[in-house]
Amino acid sequence: MSTVRMKGSLTRAASNRLDGNREMFVKPIIANVPTRPELIAPGKTKDDWRDFAKKLIPGGDEVLWAEAFDSFLFGRLRSRYIDPITAVRDGSKWTGEGFTIVSIQCALIEFLAALRQGKKFRHENPVPPHEYKNSRDLFCDFLRRIDPFDKLFTKAKAKDFYANVRCGLLHEARTKGDWIIWASGIPAVDCQRKIVYRDSFQDVIERYIHDYGLALLKEIPLQEAFIRKFDDLAT
């Protein structure tokens, strides 16, 4: 008898909780969230970019291009990619953090490749020449053609890395094709042994960013691509 009453009591309690949950769904409490401008870099809004871009001229003042790199691009990369990678690495307990680090690195590489060409990703019906859908070609061409990555990758090795590291991590949260991730070593990506040395690879990526910043001061095609990319980020 007592067992039946206990079950009934539990059933009524569960029913009451369910009714309460239904009430919450029927009458949600919506907090007043203040609106704030969307930042495309620390302290930089879309409007800030639009205003600054009016002063940027391909082939123009190197001081302005240095400011564009420092304030908009590097600020964005540091806050959204470089600093988070550093935080994960510095807090590492050697229990698999490399998967997080290399996942971020792969997302960063695709952004850097798109930035270099001034392209934006469009999931359907991309309009050439400044939109793309096939990330494999963009990603692999960047790795095998652009210094310092070209010292690590051939066309075949870039495709292997893309399929089994980049896509494995971003789509399945794993590496495939016998690839593994270690902390540091030489070369930064050992395609023969199928090892990504996460910290060494980060050094390669940051070297590229530094060299890109210097090239941006003078190379008109990079400047034109930079403007296209940030115009898209500011839409």
Side-chain angles (χ1 to χ4, degrees), residues 28-58 60-91 97 99-124 126-127 130-133 135 138-139 142 146 166 169-170 173 198 201-217 219-235:
I29 299 173
I30 302 175
N32 292 323
V33 179
T35 59
R36 61 182 178 86
E38 182 179 348
L39 299 179
I40 61 173
K44 299 295 183 182
T45 66
K46 294 179 176 182
D47 287 339
D48 289 331
W49 165 254
R50 296 186 191 105
D51 291 339
F52 185 79
K54 295 173 185 177
K55 301 182 289 184
L56 276 182
I57 301 172
D61 190 344
E62 290 186 9
V63 173
L64 287 176
W65 281 105
E67 184 179 350
F69 174 82
D70 290 337
S71 298
F72 288 93
L73 177 61
F74 191 68
R76 180 182 179 90
L77 297 182
R78 185 184 62 244
S79 63
R80 301 185 183 200
Y81 296 94
I82 297 172
D83 285 354
I85 286 173
T86 300
V88 173
R89 183 185 63 202
D90 291 350
E97 297 86 351
F99 286 86
T100 296
I101 291 172
V102 180
S103 296
I104 299 172
Q105 288 170 340
C106 287
L108 177 55
I109 287 169
E110 183 165 338
F111 172 78
L112 294 172
L115 171 69
R116 191 174 188 90
Q117 296 187 39
K119 291 189 173 185
K120 67 176 180 179
F121 177 80
R122 184 181 291 276
H123 186 67
E124 293 182 351
V127 179
H130 301 313
E131 295 181 348
Y132 74 98
K133 178 180 179 180
S135 60
L138 180 82
F139 192 96
F142 180 76
I146 304 300
R166 184 267 189 197
L169 287 171
L170 299 187
R198 68 186 201 200
F201 196 34
Q202 184 64 19
D203 291 340
V204 173
I205 292 170
E206 292 186 25
R207 175 188 157 193
Y208 167 80
I209 294 169
H210 174 268
D211 293 347
Y212 171 87
L214 296 177
L216 184 66
L217 303 181
E219 296 185 20
I220 291 176
L222 290 183
Q223 295 171 349
E224 292 172 339
F226 186 99
I227 291 172
R228 284 197 302 271
K229 188 63 176 176
F230 268 85
D231 281 348
D232 178 60
L233 293 175
T235 57

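Heavy atoms only: backbone and side chains are in, while hydrogens, waters and symmetry mates are out.
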Drop me the distance from [X]'s [atom1] to [Y]'s [atom2], to the nearest 0.5 angstrom.
X: Q105; Y: L169; atom1: CD; atom2: CG; result: 10.0 Å
X: F230; Y: F52; atom1: CZ; atom2: CZ; result: 10.5 Å
X: C106; Y: I101; atom1: SG; atom2: CD1; result: 12.0 Å

Using the salt bridge (charged side-chain N to carboxylate O under 4.0 Å, His left out) criterion, which residues pair with [X]? Sequence neighbours excluded.
X: R122; result: E131
X: E124; result: none
X: D47; result: R50
X: D83; result: none

Could I get the full list of side-chain hydrogen bond (donor to acceptor under 3.5 Å, both in side chains) partners for [X], not counting sequence neighbours?
X: R78; value: none
X: T45; value: D48
X: Y132; value: E110
X: K55; value: none

Among residues at least two apart in sequence or on other chains, which ones pass side-chain contact (heavy atoms from CB on, under 4.5 Å) with I146?
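For I146, the residues satisfying side-chain contact (heavy atoms from CB on, under 4.5 Å) (neighbours in sequence not counted) are R116, F142, Y208.
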
Which residues share a side-chain contact (heavy atoms from CB on, under 4.5 Å) with Q223, sequence neighbours left out
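Testing Q223 for side-chain contact (heavy atoms from CB on, under 4.5 Å), a comparison that skips the adjacent residues, returns P58, W65, L216, I220.
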
What salt bridge (charged side-chain N to carboxylate O under 4.0 Å, His left out) pairs are there with at least one residue in residues 223-235, not counting sequence neighbours?
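Only K120-D232 qualify under salt bridge (charged side-chain N to carboxylate O under 4.0 Å, His left out).
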
Pairs where residues 204-213 contributes a residue and the test salt bridge (charged side-chain N to carboxylate O under 4.0 Å, His left out) is met, not counting sequence neighbours
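Sorted result for residues 204-213: D147-R207, R207-D211.
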
